[in-house]
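What follows is a set of notes on a single structure, which appears directly below.
In this chain, numbering begins with 1 at the start of the sequence shown.
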Amino acid sequence: MNRMSCERCGTCCKKGGPALHIEDGQIILDGHISIEHLITIRKGELAFTPEDEKLKPVQQELVKVAGKGRGWECFFYDGEESSCTIYSHRPLECRVLKCWDTRGLLSITGKDLLRRSDIIKPGDPLLKLIEDHEKRCSITEIEKLLASLSEENDGAPSLKRMAKIVQDDLSIRSNALAEFTLPLAVELFLLGRPLFKILGNRGISVQKIMTGR
């Protein structure tokens, strides 16, 4: 028998937090979600698509509700109660999602997405930090370098450039921590996941990147 209502199995929430849309900005302003609860998926980074649940490079920046610990389960999901702890103030994607009929979710996927610059106040020095990080540590460039590895005889030039970008990424994060006293949760919102972790998930070890072999 086809389902026509939520059975509170938690499957949707366990797959990850929602991407935020412009109208979700009010939820943040009202304090129901803080930036410590968010993570940024940068343009070009691989992420699961709701259409076919396959890993693909995202076409634009995504700000998502973070998972718990190292897992994907939405931060606001209460597993013991199989419930959402901010249900009355849940984001747009959670409100339109029906696991038995995903047309509502698919109709808003990738549209009117909230960006970091929509959340941070104009003139805040953190915006300059993000801008500098995007210029020096581009995910798009990393993806091009990964693609070129198979085209080079030894891959050394691409690995050398990749090592420089990874080092810049770590340096920017370290300097930001010292200047702004950022906890890890806020760092993941401002700068996304560290590049060495992203590359590690692609099967490129830190040692290989830094040694060039």
Side-chain angles (χ1 to χ4, degrees), residues 13-22 24-48 58 60-81 83-94 113-139 142 164-202 206 209-210:
C13 304
K14 292 175 182 177
K15 288 183 177 180
L20 300 185
H21 297 253
I22 293 297
D24 295 322
Q26 191 60 47
I27 299 175
I28 297 173
L29 289 175
D30 292 341
H32 301 296
I33 296 177
S34 71
I35 60 174
E36 287 87 352
H37 302 138
L38 303 176
I39 184 170
T40 296
I41 306 298
R42 297 165 60 205
K43 181 179 179 180
E45 190 173 343
L46 293 182
F48 281 100
V58 300
Q60 54 189 314
E61 176 181 310
L62 300 177
V63 176
K64 294 172 58 74
V65 173
K68 294 179 180 177
R70 296 183 179 180
W72 289 103
E73 182 176 297
C74 178
F75 181 87
F76 295 106
Y77 177 65
D78 183 341
E80 293 185 2
E81 298 293 332
S83 63
C84 173
T85 59
I86 58 167
Y87 186 81
S88 298
H89 306 285
R90 64 196 187 282
L92 174 63
E93 289 195 357
C94 303
L113 292 172
L114 199 65
R115 301 168 299 174
R116 289 170 288 182
S117 58
D118 297 318
I119 298 171
I120 302 171
K121 294 180 179 179
D124 192 310
L126 290 175
L127 290 174
K128 181 65 173 64
L129 169 69
I130 293 171
E131 181 183 0
D132 182 46
H133 183 249
E134 287 296 325
K135 287 181 179 179
R136 295 171 57 187
C137 308
S138 165
I139 293 285
I142 287 288
K164 176 63 168 61
I165 297 175
V166 170
Q167 289 171 339
D168 284 349
D169 178 55
L170 292 173
S171 176
I172 289 172
R173 291 171 189 274
S174 177
N175 291 338
L177 179 63
E179 182 176 355
F180 300 104
T181 318
L182 299 176
L184 176 60
V186 175
E187 177 190 317
L188 292 176
F189 161 69
L190 291 173
L191 304 175
R193 295 183 297 165
L195 287 179
F196 75 87
K197 288 189 175 181
I198 292 175
L199 289 168
N201 290 338
R202 302 291 298 277
V206 177
I209 294 168
M210 295 308 179

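- Atom OG in Ser88 sits 11.0 Å away from atom CD1 in Ile27 (nearest 0.5 Å).
- The CD1 atom of Ile142 lies 8.0 Å from the SG atom of Cys137; values are rounded to the nearest 0.5 Å.
- Note that CG of Leu127 is 5.0 Å distant from CD1 of Ile120, once rounded to the nearest 0.5 Å.
- In this structure, Leu113 and Leu20 have side chains that are not in contact, with every pair of non-hydrogen atoms separated by 4.5 Å or more.
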### Task
Carefully, step by step, assess Leu114 and His21 under the rule side-chain contact (heavy atoms from CB on, under 4.5 Å).
CA-CA 5 Å; Leu114 199 65; His21 297 253; 5.8 Å; no
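- In terms of heavy-atom proximity, Ile139 sits nearest to Gly44 at CG2-C, 3.3 Å.
- Distance OH/Tyr87 to NE2/His32: 15.5 Å, rounded to 0.5 Å.
- The main-chain N or O of Val63 is never found under 3.5 Å from a side-chain atom of Thr40 such that the two would form a donor-acceptor pair.
- Put simply, the side chain of Asp78 gets close to the backbone of Glu80: a donor and an acceptor are under 3.5 Å apart.
- Contacts classified as salt bridge (charged side-chain N to carboxylate O under 4.0 Å, His left out) and involving residues 116-125 (residues at least two apart or in different chains) are given here: Glu61-Arg116, Arg115-Asp118, Arg116-Glu134.
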Report all side-chain donor-acceptor pairs from residues 177-199 shorter than 3.5 Å, counting only partners two or more places apart or in another chain.
residue: Glu187; atom: OE2; partner: Arg173; partner atom: NH1; Å: 2.7
residue: Arg193; atom: NE; partner: Glu45; partner atom: OE2; Å: 2.9
residue: Arg193; atom: NH2; partner: Glu45; partner atom: OE2; Å: 2.5

### Task
Go through Cys74 and Lys15 one step at a time and tell me if the side-chain contact (heavy atoms from CB on, under 4.5 Å) criterion holds.
CA-CA 7 Å; Cys74 178; Lys15 288 183 177 180; over 6 Å; no
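- Side chain of His89 to backbone of Ile86: no donor-acceptor contact under 3.5 angstrom is found.
- Between the CG atom of Leu38 and the CG atom of Leu62 there is a distance of 12.0 Å, given to the nearest 0.5 Å.
- Between the SG atom of Cys94 and the CZ atom of Phe76 there is a distance of 10.0 Å, given to the nearest 0.5 Å.
- For the pair Ile39 and Ala66, the tightest heavy-atom approach, listed with the atom from each and the gap, is CG2-CA, 3.9 Å.
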### Criterion salt bridge (Lys or Arg N to Asp or Glu O under 4.0 Å) on Glu73 and Lys14, from CA distance to verdict
CA-CA 4 Å; Glu73 182 176 297; Lys14 292 175 182 177; 5.6 Å; no
### Message
Applying side-chain contact (heavy atoms from CB on, under 4.5 Å) to His133 and Asp169, what does each step give before you reach the verdict?
### Response
CA-CA 7 Å; His133 183 249; Asp169 178 55; 2.6 Å; yes
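- Taking 4.5 Å as the limit, some side-chain heavy atom of Ile33 sits within range of a side-chain heavy atom of Pro91.
- Remark: Lys164 engages Asp168 in a salt bridge (Lys or Arg N to Asp or Glu O under 4.0 Å) (not counting sequence neighbours).
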